[in-house]
Participant: 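Structure provided below as structure tokens; questions to follow.
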Amino acid sequence: MISVATWNINSVRLRIDQVERFLAEQAPDVLCLQEIKCAEHLFPHEAFERAGYIHRAVHGQKGYHGVATVSRIPFRDFSKHDWQDNGEARHIGVELLGPGGGVIIENVYIPAGGDIPDREQNAKFGQKLDFLGRMTLWAESIERPTLIVGDFNVAPLECDVYDHKALLKVVSHTPIEVETLDTFRDAHGWVDLGRQFIPAPERNYSWWSYRSYWRQKDQGRRLDHMWASPSLAPQARAHRFVEETRRWEKPSDHVPLITEFAL
DNA sequence: ATGACACAGGTACTGTGA
């Protein structure tokens, strides 16, 4: 059995103690982090080394964004895509060796997309849709069993937000984003493991704003996802959101997801 | 009602998140 986790940590240096606690308590074999917010030379390699996560692939960037995949089972660096073609560090892919050998794990941080859901008025929104468009072209040619995880910054289903009607014009839940994400899903037949194990319309939010009003009212969204290739999905045995981390002191605004595979 | 918070960089305040 292999377990894989994903977590938008919102600064890995600020929250390295929480990462260590999570690794000690949940013991995933692989952890994919987004928004590490540092260049690779400032990544806290020592803490992961001590915890037994001796295999690491870091695609960092000064100040913003940045992703990293750490593991106690061997992997090799597989790919770093720049689906915006602007130099931002939003993806890293690894290939598992040994247990789970041959499986590709893609760790992605899809752009948030700014405030206004209109590419004419807001270039960032267009960049988000174009990022998904380039991912779709890429997905059409995938030939390996693949798990893609991360902060997708889209809550696709009505039950993935606290108020569907109120959020139809809010970036992360607009119809054009959902359609664009659906097109990406269909390009490879990705299986949404979150909804395979926690079927709609059950609540399973992964993100709550830092603004206290939204937190107190449980106004969350499901922005983080784990999707498996059709050939890999049948091996998934369990899936959970570790919601308690959102109640830790000085938490990330996202919580981790974990999937266990019979590999 | 779309406000409220939090991070890095750098040391006042901006860019970013979503």
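Please read these numbers as outputs of a predicted model, since none were measured by experiment. Proteins get letters first, then strands, A, B, ... in listed order; numbering begins at 1 in each.
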Participant: Establish, with yes or no, whether the OP1 or OP2 oxygen of B:dC7 is under 4.0 angstrom from a side-chain nitrogen or oxygen of A:N10.
Facilitator: no
Participant: Should the pair A:E243-A:R203 be classified as a salt bridge under the 4.0 Å nitrogen-to-oxygen rule?
Facilitator: yes
Participant: Distance check needed: B:dT16 P versus A:E35 CD, whole Å only.
Facilitator: 13 Å
Participant: Is the positively charged end of A:R119 above the ring of A:F125, judged by distance under 6.0 angstrom from the centroid and angle within 45° of the axis?
Facilitator: no
Participant: Please measure how far the P atom in B:dT14 lies from the corresponding atom in B:dA1, and state the result in whole Å.
Facilitator: 29 Å
Participant: Rounding to an integer number of angstrom, what distance separates B:dT2 and B:dC13 when you compare their C1' atoms?
Facilitator: 24 Å
Participant: Using a 4.0 Å heavy-atom cut-off across all strands, classify A:R222 as base, sugar-phosphate, or nothing.
Facilitator: nothing
Participant: Mind checking A:K124 for me? I need base, sugar-phosphate or nothing, with any heavy atom below 4.0 Å counting as a touch.
Facilitator: sugar-phosphate
Participant: To the nearest Å, how far apart are A:W208 CH2 and B:dA4 C1'?
Facilitator: 19 Å
Participant: If we check side chain to side chain donor-acceptor pair (under 3.5 Å) with A:W207, which of these qualifies: A:N153, A:D253, A:D224?
Facilitator: A:D253
Participant: Tell me what A:D151 touches on the nucleic acid: a base, only sugar-phosphate, or nothing, going by heavy atoms under 4.0 Å.
Facilitator: sugar-phosphate
Participant: Tell me which nucleotide among B:dA18, B:dC7, B:dA4 gets nearest to the side chain of A:Y213.
Facilitator: B:dA4
Participant: Round to a whole Å and report the spacing from NZ of A:K128 to P of B:dA18.
Facilitator: 8 Å
Participant: Reckon A:R221 touches a base, only the sugar-phosphate, or nothing at all at heavy-atom distances under 4.0 Å?
Facilitator: sugar-phosphate
Participant: Counting distance alone, no hydrogens or angles: does the base of B:dA4 have a donor or acceptor under 3.5 Å from a partner atom on the side chain of A:R215?
Facilitator: no
Participant: Provide, to the nearest angstrom, the distance between the CG atom belonging to A:L14 and the C1' atom belonging to B:dT16.
Facilitator: 16 Å
Participant: Does this structure show an ion pair linking A:D85 with A:R134, if we count only N-O contacts that are shorter than 4.0 Å?
Facilitator: no
Participant: List every contact pair, protein side and nucleotides 10-12 of chain B side both N or O, where the distance is under 3.5 Å.
Facilitator:
none

Participant: CZ of A:R13 versus P of B:dC7: gap in Å, rounded?
Facilitator: 13 Å
Participant: Looking at A:D160 and A:R195, is any side-chain nitrogen of the basic one under 4.0 Å from a carboxylate oxygen of the acidic one?
Facilitator: yes
Participant: Considering all heavy atoms of both residues, which atom of A:S3 and which atom of A:E260 are nearest to each other, and what is their separation?
Facilitator: CB-CG, 3.9 Å
Participant: Quick check: on DNA chain B, is the nucleotide nearest A:W214 upstream (toward 5') of the one nearest A:L42, or the reverse? Name the residue that is more 5'.
Facilitator: A:W214
Participant: What's the CZ-P distance between A:R246 and B:dA6, to the nearest Å?
Facilitator: 9 Å
Participant: Between A:R222 and A:D192, is there a salt bridge with N-O shorter than 4.0 Å?
Facilitator: yes
Participant: Considering every strand and a 4.0 Å limit on heavy-atom distances, what is the contact class for A:Y109: base, sugar-phosphate, or nothing?
Facilitator: sugar-phosphate
Participant: Report yes or no: is the ring centroid of A:Y210 under 5.5 Å from the six-membered base ring centroid of B:dA6, with the two planes under 30 degrees?
Facilitator: no
Participant: With rounding to the closest Å, how many angstrom separate the C1' atoms on B:dG15 and B:dG10?
Facilitator: 13 Å
Participant: Would you mind reading off the distance between A:I36 atom CD1 and B:dG17 atom P, rounded to a whole angstrom?
Facilitator: 15 Å
Participant: B:dC7, B:dG17, B:dA18: which one has an atom nearest the side-chain heavy atoms of A:S11?
Facilitator: B:dC7
Participant: Taking all atoms of both residues into account, what is the closest heavy-atom pair of A:W7 and A:S252, and its distance?
Facilitator: NE1-CB, 4.1 Å
Participant: Any side-chain N or O of A:R90 under 4.0 Å from OP1/OP2 of B:dG17?
Facilitator: yes
Participant: Does A:K250 put a side-chain nitrogen or oxygen below 4.0 Å from OP1 or OP2 of B:dC7?
Facilitator: yes
Participant: I need the CG-P distance between A:L132 and B:dA18, as an integer number of Å.
Facilitator: 14 Å
Participant: Using the side-chain heavy atoms of A:H65, tell me which of these nucleotides is nearest: B:dA18, B:dC7, B:dT16.
Facilitator: B:dT16
Participant: Using a heavy-atom cut-off of 4.0 Å across all strands, would you classify A:H254 as base, sugar-phosphate, or nothing?
Facilitator: sugar-phosphate
Participant: DNA chain B: A:A39 or A:V171, which has the more 5' nearest nucleotide?
Facilitator: A:A39
Participant: If only side-chain N and O atoms of A:R211 are considered, is one of them under 4.0 Å from the OP1 or OP2 phosphate oxygen of B:dT2?
Facilitator: no
Participant: Looking at A:W248, I'd like to know if the NZ or CZ of A:R21 sits under 6.0 Å from its six-membered ring centre while staying within 45 degrees of the ring's axis.
Facilitator: yes
Participant: Checking all strands, does A:D253 fall into the base, sugar-phosphate, or nothing category for heavy-atom contacts under 4.0 angstrom?
Facilitator: nothing
